[in-house]
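As the structure lists them, so they are numbered: ligands from 1, and atoms in each ligand from 1. Each residue takes its place number in the sequence, starting with 1.
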Amino acid sequence: MAADRTDRTRYAFVVASNRLPVDRVVDEDGNEGWRHSPGGLVTALEPVMRANDGAWVGWVGQPEVEVPPFDNDGIHIVPVPLSTADVEEYYEGFSNDTLWPLYHDVIEHPSYHRDWWNAYKRVNQRFADQIADIVEQDGVVWVQDYQLQLVPALLRELRPDLTIGFFNHIPFPPVGIYAQLPWRAQILDGLLGADVIGFQRHDDASDFLRAVRHIKGYTTKGSTIDVPVDDPAAPRSRKGITVRHVEARHFPISIDAAGFEEIAHRPEVQERAREIRASLGNPKTVLLGVDRLDYTKGIRHRIKAFGELVEDGRVAVEDATLIQVASPSRERVDTYAALRDEIELTVGRINGDLGVIGHQPIAYLHHGYPREEMVALYLAADVMLVTALRDGMNLVAKEYIATRFDNDGVLILSEFTGAADELKQAVIVNPHDIGALKDSIQRAIEMPRRERSTRMRALRKRVRENDVARWSRSFLEALDRHAPKGSRIDPDATADAHREAEDDGMSIFDEGAQTARAAEDTREARGA
Ligand SMILES: O=P(O)(O)OC[C@H]1O[C@H](O[C@H]2O[C@H](CO)[C@@H](O)[C@H](O)[C@H]2O)[C@H](O)[C@@H](O)[C@@H]1O
Ligand SMILES: O=c1ccn([C@@H]2O[C@H](COP(=O)(O)OP(=O)(O)O)[C@@H](O)[C@H]2O)c(=O)[nH]1
């Protein structure tokens with residue numbers, strides 16, 4: 001929980017995301033401290049941040065908490081405060097009850113409120129002001145995700161000298177759906193303030209380019225957009241108008257594959273995996289689902305399919321258990337609270353109707369777990385179920401593969417995840433088709449060892465080669481090509497640098513950080 005006041009004020013490289021890479025924790029004596037949050041984004045950017053002496057701008061995750069900038073394990077942290085109203089209107093409202101459902105195929109109905117839009121503008125402006133204050137002349141800024149889509153243009157207005165990147169971690173919807181948004185043109189204008197706009201999938205980038213053509217009327221050629229500018233020194237387009245060139249393409253995010261495999265090799269983690277199986281009565285097959293409790297994840301579909309397989313007698317209750325981890329998320333948003341009720345009712349019914357003494361079909365856990373426990377769960381699972389109805393990437397699918405150094409285990413993967421574009425040797429499913437999903441689950445349970453191994457070997461090769469270091473490097477290299485005065489950052493900071501930092505005692509695999517985050521979500525849900 002090392003935290004020192006930083007005396008630096010300007011940085012050549014700045015990352016901004018809604019949440020900071022650290023969680024605020026308060027111990028039993030009321031002392032405040034910070035722990036690394038072990039999320040994928042932190043793992044991806046940490047080596048680049050260290051190599052470039054970068055700063056990270058974001059929210060501490062709790063309302064009405066004002067913290068001055070500080071250094072945490074070599075990363076300069078610059079908190080942006082949010083009031084209770086900001087959290088309700090910008091985070092829970094516009095980000096997670098307007099944009100989130102709209103960008104995820106309108107699985108739930110998006111709510112459009114002008115007050116929420118005003119809060120979104122207000123908070124995006126606050127982020128832009130904060131970033132503008134701390135970046136060096138000609139610096140590089142990388143803005144993350146849908147909560148901050150107005151920041152690139154607001155920042156360019158304040159600091160035209162900067163090179164600005166934006167990465168969208170969630171899908172970008174087809175223009176027919178995106179067009180519902182009352183503020184569709186303003187959001188596109190916000191994003192087009194960036195030099196490079198990154199998406200998870202090729203289709204997301206194509207949908208974005210189409211929206212730019214249809215809604216803004218701008219010309220695109222391949223992945224390049226001509227954005228008109230009022231600057232006589234700017235290049236001219238084929239139509240003879242002065243333009244800025246903005247690049248929009250896909251950069252699929254990944255994980256620290258070697259880091260996950262290293263944890264999986266630890267004897268105590270393997271022992272924990274055996275313990276998990278034993279505690280379920282050593283069934284022949286353990287199936288696993290791990291998700292934030294979110295309606296995009298298809299948890300209902302998976303539970304229904306598995307319950308029906310047991311009910312039909314195609315799977316014996318003594319032979320198979322589904323562990324479903326549903327970690328608490330955004331619990332003050334009504335759709336999330338309703339989903340929790342619905343899932344818990346369904347799990348209760350299935351266990352009540354189909355369970356026998358000593359064997360329940362579903363082991364349901366409403367908790368968040370640290371990384372070591374996640375890896376033990378992955379090692380314990382014969383079948384991993386990723387049945388999202390829409391998902392930007394789904395890192396869980398890649399983590400399962402990375403841990404299976406035994407080349408065993410079967411991944412069932414929804415075709416509606418970004419991961420499905422890459423992980424072709426998984427058992428690919430349409431989660432809406434419950435009949436086909438049941439067949440796929442049965443097939444996975446019965447798959448011969450040789451086929452499991454062939455598939456897993458190919459999947460592991462893919463995940464190892466396309467790891468998170470490659471993701472950040474390829475994005476930053478693209479951004480570097482847009483820097484007018486040449487390179488300001490070193491995009492080539494590798495995962496090795498990251499592991500060296502760990503050897504120095506700066507581990508990102510900080511036990512308890514996820515649990516602390518989950519506890520925090522729960523406190524938030526209670527209104528604390
Ligand atoms: O910050 P929260 O509101 O608690 O939500 C957690 C994060 O959820 C989303 O994750 C996405 O990014 C993953 C990594 O690129 C990707 O694999 C996944 O498909 C996405 O859903 C969200 O985009 C983040 O901003 C949130 O912090
Ligand atoms: O109890 C949990 C549940 C999830 N995760 C991590 O949370 C991330 C979830 O990322 P994903 O892309 O699958 O979905 P998201 O929640 O970002 O939409 C993965 O790194 C998981 O290992 C975790 O550490 N503990």
Between CG on residue L385 and CD1 on residue I323, distance to nearest 0.5 Å: 11.5 Å
Side-chain (K398) to main-chain (I253) donor-acceptor, under 3.5 angstrom: yes
Distance-minimising heavy-atom pair for R404 and L379: NH1-O, 3.5 Å
Residue I253 vicinity, atoms of ligand 1 by number, heavy atom under 4.0 Å: 15 (O)
Between Q149 and N168, a side-chain donor and acceptor under 3.5 Å: no
Location of contacts on N394 toward ligand 1, heavy atoms closer than 4.0 Å: backbone
Region of K297 engaging ligand 2 - heavy atom pairs below 4.0 Å: side chain
Residues R302 and Q324: side-chain donor-acceptor under 3.5 angstrom: yes
Check: D294 and R330 side chains under 4.5 Å, non-hydrogen atoms: yes
Polar proximity ligand 2 side, E399 side, N/O cut 3.5 Å exclusive: yes
Step-by-step salt bridge (charged side-chain N to carboxylate O under 4.0 Å, His left out) determination, D382 to R277: CA-CA 10 Å; D382 305 291; R277 289 190 75 103; 2.9 Å; yes
Structural part of H169 in contact with ligand 1, heavy atom criterion under 4.0 angstrom: both
Numbered atoms of ligand 1 (with element) below 4.0 Å of I170, judged on heavy atoms: 23 (O)
Ligand 1 N/O within reach of R330 N/O, cut-off under 3.5 Å: yes
contact_flag M374 ligand 2 heavy-atom lt 4.0 Å: yes
Backbone N/O of S414 and side chain of T417: donor-acceptor pair under 3.5 Å: yes
Modelled atom types, side-chain donor and acceptor of Y336 and W100, under 3.5 Å: yes
Close N or O approach (K297, ligand 1; < 3.5 Å): no
R292 heavy atom under 4.0 Å from ligand 2: yes
Close approach of Y103 to ligand 1, heavy atoms, under 4.0 angstrom: no
Donor + acceptor pair across side chains of R249, H202 (<3.5 Å): no
Residue-ligand contact H169/ligand 2, heavy atom below 4.0 Å: no
Structural part of D145 in contact with ligand 1, heavy atom criterion under 4.0 angstrom: side chain
Ion pair R272/E373, N-O distance below 4.0 Å: yes
Ligand 1 contact on W471 by region, counting heavy-atom pairs under 4.0 Å: neither
Enumerated ligand 2 atoms positioned under 4.0 Å from heavy atoms of S327: 3 (C)
L395: numbered ligand 1 atoms lying under 4.0 Å from its heavy atoms: 14 (C), 17 (O)
Which segment of Q144 sits under 4.0 Å of ligand 1 when only heavy atoms are counted: neither
Atoms in ligand 1 flagged as close to Q200, the criterion being non-hydrogen separation under 4.0 Å: 15 (O), 16 (C)
Between D86 and S83: side-chain donor-acceptor atoms closer than 3.5 Å: yes
Atoms of ligand 2, numbered as shown, that sit under 4.0 Å from any heavy atom of V290: 3 (C)
Closest to atom 9 (C) of ligand 2 among D291, I253, V396 (heavy-atom distance): V396
Enumerated ligand 2 atoms positioned under 4.0 Å from heavy atoms of G368: 1 (O)
Contacts of type side-chain contact (heavy atoms from CB on, under 4.5 Å), residue R300, not counting sequence neighbours: E108, Y295, L339, E342, I343
Subset of ligand 1 atoms that lie under 4.0 Å from at least one heavy atom of R19: 1 (O), 2 (P), 4 (O)
Pairs where residues 380-400 contributes a residue and the test ring-ring contact (aromatic ring centres under 6.0 Å, His included) is met, not counting sequence neighbours: none
Nitrogen or oxygen atoms of Y91 and ligand 1 under 3.5 Å apart: yes
Subset of ligand 1 atoms that lie under 4.0 Å from at least one heavy atom of G392: 19 (O)
